Amino acid sequence: MLDLQFVCDNRTEVESNCANRGITVDLNRILALRDQRNQLIAATDQLRHDQKDLSAQIPKEKDPQHKQALIAKGKELREQIAANEEKLRDAETGLKEEMMRLPNMTHPDAPVATDETGSVTLRHWGEAPKFSFKPLDHVAIAEKLDLIDFEAGTRVAGHGFYYLKNEAVLLEQALVNFALQKLRKKGFTLYSTPDLAKDEVLEGIGFAPRGPETQIYSIQNSDLSLVATAEITLGGALKDQILDADKLPMKFAGLSHCFRTEAGAHGRATRGIYRVHQFTKVEMFGFTGPDVAESDKLHQEIVAIEEEIFQELKIHYRVIDTASDDLGGPAYRKFDLEAWMPGRGDAGEYGEVTSASNCTDYQARRLGIRCRTPEKKGTQFVHTLNGTAISIARAIIAVLENYQQEDGSVVVPEVLRPWVGEERIG
RNA sequence: GGAGAGAUGGCUGAGUGGCCGAAAGCGCCGGAUUGCUAAUCCGGUGUACGGGGUUUACUCGUACCGAGGGUUCGAAUCCCUCUCUCUCCGCCA
């Protein structure tokens, strides 16, 4: 969520930002609701002030008749206050709903979609492997090597679920361990997080848990939902906290399952385990001081770690600077890694394997995560960032397809061998 | 799951219906003083929202004593629900 004062002071910028992001908003409604809210606050505060005065008089009043009159007046005030409070609640609910629809502002260097460039490829690393044979896609490889059981997944949980099997299970653990070890060395605090979270936490991060187009599985008769990413639980971990500025930046890494409904996504591009309802992921999450220079720096650091992971896996990738109309609501800027997947499409395609966003203070404001700086009065909202360390399903696709051999076997990337325990699958 | 105790400001901790945004101590900040690595004294020291203001300084109002509801003219204080912590019992990977 943006700061209301900022929105009112910078109407033009907010409006053009929304246009760049392909979102229509009615700022007049926000301004009207704000005025209405402020009037109600002023009126109600005045009533409460009167009430205080009055109830201070009552114990001093000796005349019983006057006293009764004062008490009657007090009752009246109480009712007026209650009525005002209800109106105020309505106004604030409406205002919050409108404010929630506003996306974050956008980094000045992020590509603007309307100038027809769209997202920009910043750089490539490595090269696509050359095969002396027609490379298979991960579904075919997994079938040959008995690594994934889609049919059991469908029988047990429905379409979009799967069982990892045999070496794929070891591969999953290896990727998790590889990422966790690396992040620990980089100064991240490791967490294994809950797979469920309260709706208010999901909303604070920027998800809409219960709408008609939700990507979220929610638990009936409760305020809990299955998390779509550990971003939710890592950011939520410090909800309503005031952090010491000298402890920032704080870097968390979280292991969780991720659950997504993926409503209406089918077809070849999402074959196999590319788009599934459940997967395992190691996520990075950062909290920095309220300064874009600081959060930008950590953003670069997070992307560098993502690149390092794929470089050590020796998998060709490119880095994308996401265009304004493709940014999620909370993101100020977003970089994606797209790894080369030789079995994807007709002759191989890039597929998204990581995503790193700087959300500035957008999430922190909703979650109430602030910090205190010694030289400044009061508190400021921190900046939050998130990035994928390793998303297992997608990473497994990249490994299987890039490391497949002519004889049908798959070589295990060197950095994963300590945990897989084998040099070759099949 | 059952029984009991508790939750107050950065920390410790008083406060059982009005004069309590809240004693006292500690910590922290500013100042004074003493030359001896410190002591003493004085003053200050929460957050949020709203109003005023040369939109900085400041100032006024309101709210906040785990969370939410209720009783009352008036609630940190009484009642209800919930959460969390501690102790004991039961159960359990």
Side-chain angles (χ1 to χ4, degrees), chain A residues 1-11 13 30-100 192 194-201 203-204 219 221-225 233 236-248 250 257 289-290 361-382:
Chain A
M1 193 162 62
L2 293 174
D3 178 54
L4 179 58
Q5 190 63 47
F6 174 87
V7 174
C8 296
D9 292 345
N10 301 277
R11 283 194 60 164
E13 289 83 349
I30 288 180
L31 262 61
L33 280 166
R34 183 186 82 135
D35 289 346
Q36 192 192 344
R37 181 195 70 144
N38 289 0
Q39 275 168 23
L40 281 166
I41 288 174
T44 313
D45 280 359
Q46 183 60 47
L47 285 173
R48 265 195 282 258
H49 181 63
D50 296 347
Q51 186 185 49
K52 267 191 159 180
D53 271 358
L54 185 73
S55 41
Q57 287 169 36
I58 289 173
K60 292 182 218 144
E61 181 58 60
K62 297 297 174 216
D63 182 274
Q65 259 194 329
H66 282 159
K67 196 166 190 155
Q68 279 313 310
L70 291 176
I71 289 175
K73 174 73 181 153
K75 282 190 187 178
E76 209 177 291
L77 281 172
R78 187 173 66 199
E79 280 159 23
Q80 285 175 19
I81 290 169
N84 264 22
E85 280 174 344
E86 202 181 318
K87 281 190 234 164
L88 183 58
R89 259 197 302 277
D90 289 347
E92 290 202 311
T93 307
L95 185 60
K96 197 183 101 184
E97 273 170 21
E98 289 301 316
M99 287 298 290
M100 292 276 282
S192 172
D195 285 339
L196 281 79
K198 292 180 185 167
D199 289 344
E200 58 179 275
V201 176
E203 282 162 13
I219 308 292
N221 302 322
S222 82
D223 62 347
L224 292 171
S225 294
T233 43
L238 295 182
K239 183 171 160 3
D240 295 323
Q241 303 300 300
I242 297 175
L243 314 176
D244 279 343
D246 55 15
K247 299 244 172 68
L248 297 172
M250 290 169 81
H257 292 112
D361 60 359
Y362 192 90
Q363 295 176 324
R365 183 169 291 107
R366 278 304 312 280
L367 290 168
I369 307 177
R370 289 167 295 171
C371 70
R372 212 187 295 279
T373 326
E375 57 271 19
K376 270 192 185 164
K377 237 186 122 148
T379 55
Q380 300 89 47
F381 291 109
V382 300

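In this text the structure is predicted, and so the values were computed from the model without any measurement. Each chain gets a letter, A, B and so on, in the order the sequences are listed, and its residues count up from 1. Excluded from the calculations below are hydrogen atoms, water molecules and symmetry mates; all remaining heavy atoms, backbone and side chain alike, are included.
If you take atom C1' in B:C49 and the same atom in B:A5, they sit 37 Å apart, rounded to whole Å. With both ends at atom P, the span from B:C26 to B:U16 equals 24 Å, rounded to whole Å. The P atoms of B:A75 and B:U62 are separated by 14 Å, rounded to the nearest whole Å. With both ends at atom C1', the span from B:C84 to B:G31 equals 43 Å, rounded to whole Å. Rounded to the nearest Å, the gap between the C1' atom of B:A76 and that of B:G2 is 30 Å. The same atom, C1', is picked in B:A63 and in B:G74; the two are 16 Å apart, to the nearest Å. Taking atom C1' in both B:G46 and B:C42, one finds a spacing of 23 Å when rounded to whole Å. Rounded to whole Å, the C1' atom of B:G25 lies 11 Å from the corresponding atom of B:A14.
Side-chain polar atoms of A:Q46 and A:D50 form a donor-acceptor pair below 3.5 angstrom. Between the side chains of A:Q5 and A:D9, at least one donor N or O lies within less than 3.5 Å of an accepting N or O.
When distances are taken from the side chain of A:R370 to each of B:U47, B:G61, B:G18, the shortest belongs to B:U47. You'll find that the side chain of A:H49 is closest to B:G61, out of B:G18, B:C49, B:G61. For A:R48, the side-chain atoms get nearest to B:A63 when compared with the rest of B:G50, B:A63, B:A48.
Dashed line: the shortest gap from a side-chain N or O of A:K75 to OP1 or OP2 of B:C73 is under 4.0 Å. The phosphate of B:G51 (OP1 or OP2) has a side-chain N or O of A:N38 nearer than 4.0 angstrom.
If you check every strand for non-hydrogen atoms under 4.0 Å, A:I58 touches a base. In this structure, A:R78 reaches the bases: a heavy-atom distance under 4.0 Å links it to at least one base atom across the strands shown. Across all strands shown, A:Q51 has heavy atoms under 4.0 Å from sugar-phosphate atoms exclusively, and none from any base. A:K52 comes within contact range of the sugar-phosphate backbone alone, with a heavy-atom separation under 4.0 Å but no base atom that close.
Remark: A:L47 CG to A:Q51 CD distance equals 8.5 Å, nearest 0.5 Å.
Between the side chain of A:D63 and the backbone N or O of A:H66 there is at least one donor-acceptor pair closer than 3.5 Å. In terms of modelled atom types and a separation under 3.5 Å, the side chain of A:D195 and the main chain of A:H257 share a donor-acceptor contact. For A:R37 (side chain) and A:E92 (main-chain N/O), no donor-acceptor pair under 3.5 Å exists by modelled atom type.
Pairing of B:C84, defined by two Watson-Crick or G-U wobble distances under 3.5 Å, is identified with B:G6. The partner of B:C91 is absent, by the rule that a Watson-Crick or G-U pair needs both atom distances under 3.5 Å. Of all nucleotides present, only B:C11 satisfies the Watson-Crick or G-U wobble test against B:G25, with each distance under 3.5 Å. Pairing for B:C20 is absent, judged as Watson-Crick or G-U wobble with the two contacts each under 3.5 Å. Applying the Watson-Crick and G-U wobble criteria (two distances, each under 3.5 Å), B:U77 pairs with nothing in any strand. In this structure, B:G53 makes no Watson-Crick or G-U wobble pair, since no nucleotide meets both defining distances under 3.5 angstrom. Pairing partner, B:A32: B:U40, with both Watson-Crick or wobble hydrogen-bond distances short of 3.5 Å. Nucleotide B:U47 forms a pair with B:A63, judged by Watson-Crick or G-U wobble geometry with both contacts under 3.5 Å.
A:L4 places its CG atom 11 Å from the C1' atom of B:C49, with the value rounded to the nearest Å.
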